[in-house]
A.B. asks: 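This structure is in structure tokens; I'll ask about it shortly.
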Amino acid sequence: MKITLADGNIREYGEAKSAYDIAADIDPALARSAALALIDGEERDLRTMVEADARVEILTAEDARGLAAMRHSASHVLAQAVQELFPEAKLAIGPSIENGFYYDFEHRPFSREDLDALEARMKKIIKKGERIERFFLPREEAIEFFAQRQQPYKVELIRDLPLDAQISFYRQGDFVDLCAGPHLMNTKGIKAFKLISSSGAYWRGKSENAMLQRIYGTAFLEKEELDAYLAHLESIKTRDHNRLGRELELFTTVDVIGQGLPLIMPKGAKIIQTMQRWIEDEEERRGYVRTRTPFMAKSDLYKISGHWDHYREGMFVLGDPEKDREVFALRPMTCPFQYYIYKASQKSYRDLPIRYGETSTLFRNEDSGEMHGLTRVRQFTISEGHLVVRPDQMVEEFKGCLALAKYCLQTLGVEEDVRYRLSKWDPAHPEKYVGSAQVWEETQEHIRRILQDLDIDFFEEEADAAFYGPKVDIQARNVYGKEDTMITIQWDGVLAEQYDMYYIDHNGEKVRPYIIHRTAMGCYERTLAWLIEKYEGKFPTWLAPEQVRVLPISEKFLDYGHKVCAYLQERGILATVDGRSEKIGFKIREARKQKLPYMLVVGQKEEEEGQVSVRSRFLGDEGMRPLEDFTREILLEIAEKRIRQEAPAQD
RNA sequence: GCUAAUGUGGCUCAGAGGUAGAGCAGCUCACUCGUAAUGAGCAGGCCGUGGGUUCGAUUCCCACCAUUAGCUCCA
């Protein structure tokens with residue numbers, strides 16, 4: 001048989017060979033560092049026998065796929081260490097994940113001391129250099145194997161496999177695990193690793209199941225890479241909006257006010273105000289009309305929409321449905337309110353499309369463990385809107401919503417940081433959705449084509465649609481890599497029916513319109529969080545709540561400092577004075593900590609009637625200038641230069 | 001909702017079953033000062049909240065509230 005190697009060379013063998021043997025034949029050193037084989041492009045275990053002509057590529061842990069195999073083996077070593085130190089622990093599953101690996105155990109919670117002890121034991125196992133071997137058992141024997149060893153989770157896993165399956169096992173020393181692989185050949189191949197943390201995690205990810213204890217770890221080829229990753233984890237904390245946002249006095253929380261109810265402080269409110277004014281003006285330019293609708297409504301409204309039955313847990317209900325004649329609920333969305341505005345007068349086909357926009361405050365009763373900083377809150381404000389359109393206008397209007405979203409992302413400078421998701425229905429559970437399979441598939445195809453027309457890269461995800469239609473979600477990652485929806489644009493061909501909305505077409509007939517639910521930029525709180533992390537607190541000047549801070553170097557110049565501040569503010573620059581007495585060093589440090597451009601007021605040159613003239617110096621700008629030189633343009637230029645210079649490169 | 005950790009002056013943190021500590025910030029006085037901390041003094045705390053154990057609890061126990069990490073959830 002002929003084996004084509006990665007470099008294009010061909011080797012011939014008279015008999016079947018394992019990928020590992022082929023690696024050894026190429027170079028024994030390669031075999032020692034091999035982690036994974038690509039056989040005709042497919043990721044396979046090194047032990048895989050190659051029996052016919054094939055392309056074979058040997059990957060080491062330098063390759064991301066090889067690294068994943070190494071981490072997977074590291075998770076097995078962790079499981080072995082747990083078995084040795086805590087024999088009563090039951091094993092669940094242990095895959096490699098994006099930045100490392102985890103393994104789930106049924107056990108009491110692990111402490112940091114436990115993790116340290118496990119790490120030490122893992123080092124021993126690795127040092128011993130156990131061979132990792134693979135073998136297979138028929139299903140019944142495999143069940144028997146784990147039943148004897150009292151590993152109920154493994155038994156459950158095997159029971160879910162096909163009846164005729166040959167069950168794959170890996171063994172290193174005394175430790176045997178159910179596993180499809182792939183794995184390294186020897187535990188020695190696990191180089192630099194670290195156990196990061198432990199926490200609870202539900203068996204099979206279902207909250208009705210038992211809670212297991214998950215241990216997270218990571219592994220790298222080189223110690224330097226591991227150290228760099230651990231340092232990265234530390235450094236991320238300084239960008240975390242939840243920490244930085246509090247440090248910069250953008251928001252705070254108070255326990256007596258409640259979970260998920262942050263207080264947006266003056267500087268945070270200023271940023272949100274700037275964004276809101278900008279969005280509202282932009283929407284107006286794009287033909288939106290504004291509405292203002294109530295924050296609450298009788299339960300009857302939510303009964304029509306179906307929320308009362310399906311979403312009552314998520315709403316704040318005012319009153320007792322058992323006792324009170326009238327029960328209200330705070331609104332979790334604005335849709336029906338704007339529908340009734342549409343319905344308040346009869347519409348002609350000539351009136352459409354109608355684009356309603358509202359800066360809309362919503363209330364959702366999230367579970368207590370879900371709240372997080374500004375990204376997951378119980379009250380938030382979004383640039384919400386509903387477009388009522390004729391079916392023939394749907395594609396064009398949907399594109400318009402995407403264009404607006406794209407414009408917003410560009411203006412905020414975050415266009416490169418998002419992923420577009422086409423959120424589809426779940427064909428396996430049609431009962432969760434309204435409409436036929438055919439309509440769903442057709443609508444999804446419409447959206448797919450729209451995205452392709454606009455040259456937007458996107459990925460597709462099943463079971464993420466709204467019950468009334470598929471949608472495009474624009475996703476962004478926070479510093480920890482978790483993804484949140486920032487913008488959503490939803491295709492709705494069914495709610496108009498539910499709310500009996502119609503327009504009169506040119507034949508004088510009543511026709512159902514289509515509806516687009518959309519946000520221009522999503523939730524302001526979440527967007528603020530995103531921007532804090534994106535810019536590490538160094539906001540673009542147009543968004544900055546404080547564009548420059550005036551620092552009198554001594555109390556003698558305090559009055560002049562105030563005049564400088566007034567002078568700047570008259571010119572549309574958001575300036576403040578740090579009037580604290582003598583501590584110029586502290587004031588500078590404080591301004592830097594808060595990522596602000598600062599201006600030192602160092603002396604008066606002259607003062608004429610109604611005019612201040614002060615020698616000043618500005619961070620990043622060489623030399624002294626008279627105050628009159630600090631026009632808005634120069635300030636913007638210097639401030640933006642500071643951001644470009646100091647902001648770390650985006651990845 | 002689940003599994004854990006945490007909660008001490010404005011901030012960062014120490015502490016211990018027996019009257020609450022430090023640094024920074026604040027205030028006062030002195031210094032009148034030139035780009036990352038001038039000196040001295042003063043003031044500031046229901047040790048998250050509520051119960052319990054104890055002669056005595058901020059410390060030990062229980063519950064609750066909040067924050068954080070992870071899981072689940074996000075119509």
Side-chain angles (χ1 to χ4, degrees), chain A residues 97 102 104-112 114 196-216 233 237 240 242-243 246-247 249 252-262 302 305-315 332-333 335 362 364-373 375-378 380 423 432-434 463-468 471 473 480 482-485 488 490 517 523 526 551-558 578 580-593 598-603 615-619 624:
Chain A
I97 52 175
Y102 69 78
D104 287 347
F105 307 93
E106 184 192 298
H107 191 255
R108 64 162 171 79
F110 293 100
S111 64
R112 184 64 239 184
D114 293 332
I196 306 280
S197 62
S198 80
S199 72
Y202 296 112
W203 166 235
R204 298 198 143 180
K206 294 209 171 99
S207 55
E208 63 267 23
N209 287 345
M211 179 151 278
L212 307 175
Q213 296 302 319
R214 174 171 299 177
I215 296 178
Y216 284 97
L233 286 185
K237 290 183 188 160
D240 182 344
N242 208 359
R243 182 165 157 158
R246 290 168 201 268
E247 266 172 30
E249 299 183 332
T252 187
T253 51
V254 177
D255 56 2
V256 294
I257 291 177
Q259 270 193 312
L261 298 169
Y302 305 108
S305 66
H307 284 87
W308 193 254
D309 290 331
H310 295 111
Y311 194 60
R312 181 143 33 135
E313 292 298 296
M315 291 200 287
M333 36 74 223
C335 326
L362 305 179
R364 298 182 186 184
N365 192 3
E366 304 282 358
D367 288 341
S368 65
E370 311 301 345
M371 261 62 75
H372 177 77
T375 56
R376 197 76 182 272
V377 291
R378 284 184 160 147
F380 55 92
S423 300
K432 290 186 180 170
Y433 304 88
V434 181
D464 271 329
F467 70 89
Y468 43 74
K471 55 183 181 165
D473 292 315
Y480 297 104
K482 269 198 159 181
E483 210 166 56
D484 274 314
T485 300
T488 181
Q490 311 180 349
H517 310 237
C523 160
R526 197 176 268 189
L551 310 182
I553 63 152
S554 91
E555 201 168 351
K556 196 166 67 174
F557 301 126
L558 184 57
D578 187 341
R580 279 176 293 186
S581 56
E582 304 296 301
K583 310 205 169 162
I584 186 61
F586 179 79
K587 289 192 275 199
I588 292 173
R589 209 153 32 86
E590 195 71 3
R592 288 186 172 172
K593 205 167 92 190
Y598 55 88
M599 178 182 282
L600 290 158
V601 174
V602 297
R615 289 194 300 134
S616 308
R617 204 166 90 167
F618 194 80
L619 173 68
M624 307 284 231

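Here is the naming used below: chain letters follow the sequence lines, and residue numbers restart at 1 for every chain.
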A.B. asks: In whole angstroms, how far is the P atom of C74(B) from the CE atom of M371(A)?
C.D. replies: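 The answer, rounded to whole Å, is 15 Å.
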
A.B. asks: May I ask you to say what R108(A) touches in the nucleic acid, namely base, sugar-phosphate or nothing, with a heavy-atom cut-off under 4.0 Å?
C.D. replies: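 Nothing, no nucleic acid heavy atom in range.
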
A.B. asks: Does R376(A) make a side-chain donor-acceptor contact with the base of C73(B), cut-off 3.5 Å?
C.D. replies: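 Donor-acceptor pair under 3.5 Å: yes.
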
A.B. asks: Going by modelled atom types, is there a donor-acceptor pair between the base of U72(B) and the side chain of E370(A) at under 3.5 Å?
C.D. replies: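 By the distance-only test, yes, there is a pair.
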
A.B. asks: Base, sugar-phosphate, or nothing: which does R214(A) touch, judged by heavy atoms less than 4.0 Å apart?
C.D. replies: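 Result for R214(A) = sugar-phosphate.
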
A.B. asks: Quote, to the nearest angstrom, the P distance that separates G41(B) from A22(B).
C.D. replies: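 Result for the P pair: 13 Å, nearest Å.
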
A.B. asks: Which whole number of Å gives the distance between the C1' atom of G23(B) and that of C31(B)?
C.D. replies: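 Going atom to atom, C1' in each nucleotide, I get 23 Å.
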
A.B. asks: What is the nucleic acid contact for F467(A), judged by heavy atoms within less than 4.0 Å: base, sugar-phosphate only, or nothing?
C.D. replies: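 Counting heavy atoms under 4.0 Å across all strands, the contact made by F467(A) is with sugar-phosphate only.
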
A.B. asks: With sugar-phosphate meaning primed atoms plus P, OP1 and OP2, does K482(A) contact a base, only sugar-phosphate, or nothing at under 4.0 Å between heavy atoms?
C.D. replies: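 Sugar-phosphate only.
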
A.B. asks: Which whole-number value in Å describes the distance from D240(A) CG to U67(B) C1'?
C.D. replies: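 Between C1' of U67(B) and CG of D240(A): 12 Å.
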
A.B. asks: With a 4.0 Å cut-off on heavy atoms, is F110(A) in touch with a base, just the backbone sugar-phosphate, or nothing at all?
C.D. replies: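 Answer is nothing: F110(A) stays at 4.0 Å or more from every strand.
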
A.B. asks: Report which part of the nucleic acid T485(A) touches: base, sugar-phosphate, or nothing (heavy-atom distance under 4.0 Å, all strands).
C.D. replies: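 T485(A): no heavy atom of the nucleic acid under 4.0 Å.
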
A.B. asks: Need one value for G369(A): base, sugar-phosphate or nothing, where a base atom within 4.0 Å counts as base even if backbone is also close, heavy atoms only.
C.D. replies: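 Answer is base: heavy atoms of G369(A) come under 4.0 Å of a base.
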
A.B. asks: Classify the side chain of Y202(A) versus the base of G1(B) as yes if they form a donor-acceptor pair under 3.5 Å and no if they do not.
C.D. replies: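 Between G1(B) and Y202(A), which were checked side chain against base, a qualifying N/O pair under 3.5 Å is present.
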
A.B. asks: As an exercise, state the distance from CG of N242(A) to OG1 of T253(A), rounded to the nearest 0.5 Å.
C.D. replies: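 It is 7.5 Å, given to the nearest 0.5 Å.
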
A.B. asks: Check the distance between U6(B)'s C1' and R243(A)'s CZ and give it to me in whole angstrom.
C.D. replies: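 Distance check: R243(A) CZ to U6(B) C1' gives 14 Å.
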
A.B. asks: Runs of at least three consecutive Watson-Crick or G-U pairs, both distances under 3.5 Å, are what I'm after; which ones involve RNA chain B?
C.D. replies: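 So the stems come out as B:1-7 with B:65-71, B:10-13 with B:21-24, B:26-30 with B:38-42, B:48-52 with B:60-64.
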
A.B. asks: Regarding E208(A), tell me which of base, sugar-phosphate or nothing describes its non-hydrogen contacts under 4.0 Å with the strands shown.
C.D. replies: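 The answer is nothing, as E208(A) stays clear of every strand by at least 4.0 Å.
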
A.B. asks: Checking all strands, does S368(A) fall into the base, sugar-phosphate, or nothing category for heavy-atom contacts under 4.0 angstrom?
C.D. replies: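 The answer is base, as S368(A) lies within the cut-off (heavy atoms under 4.0 Å) of a base atom.
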
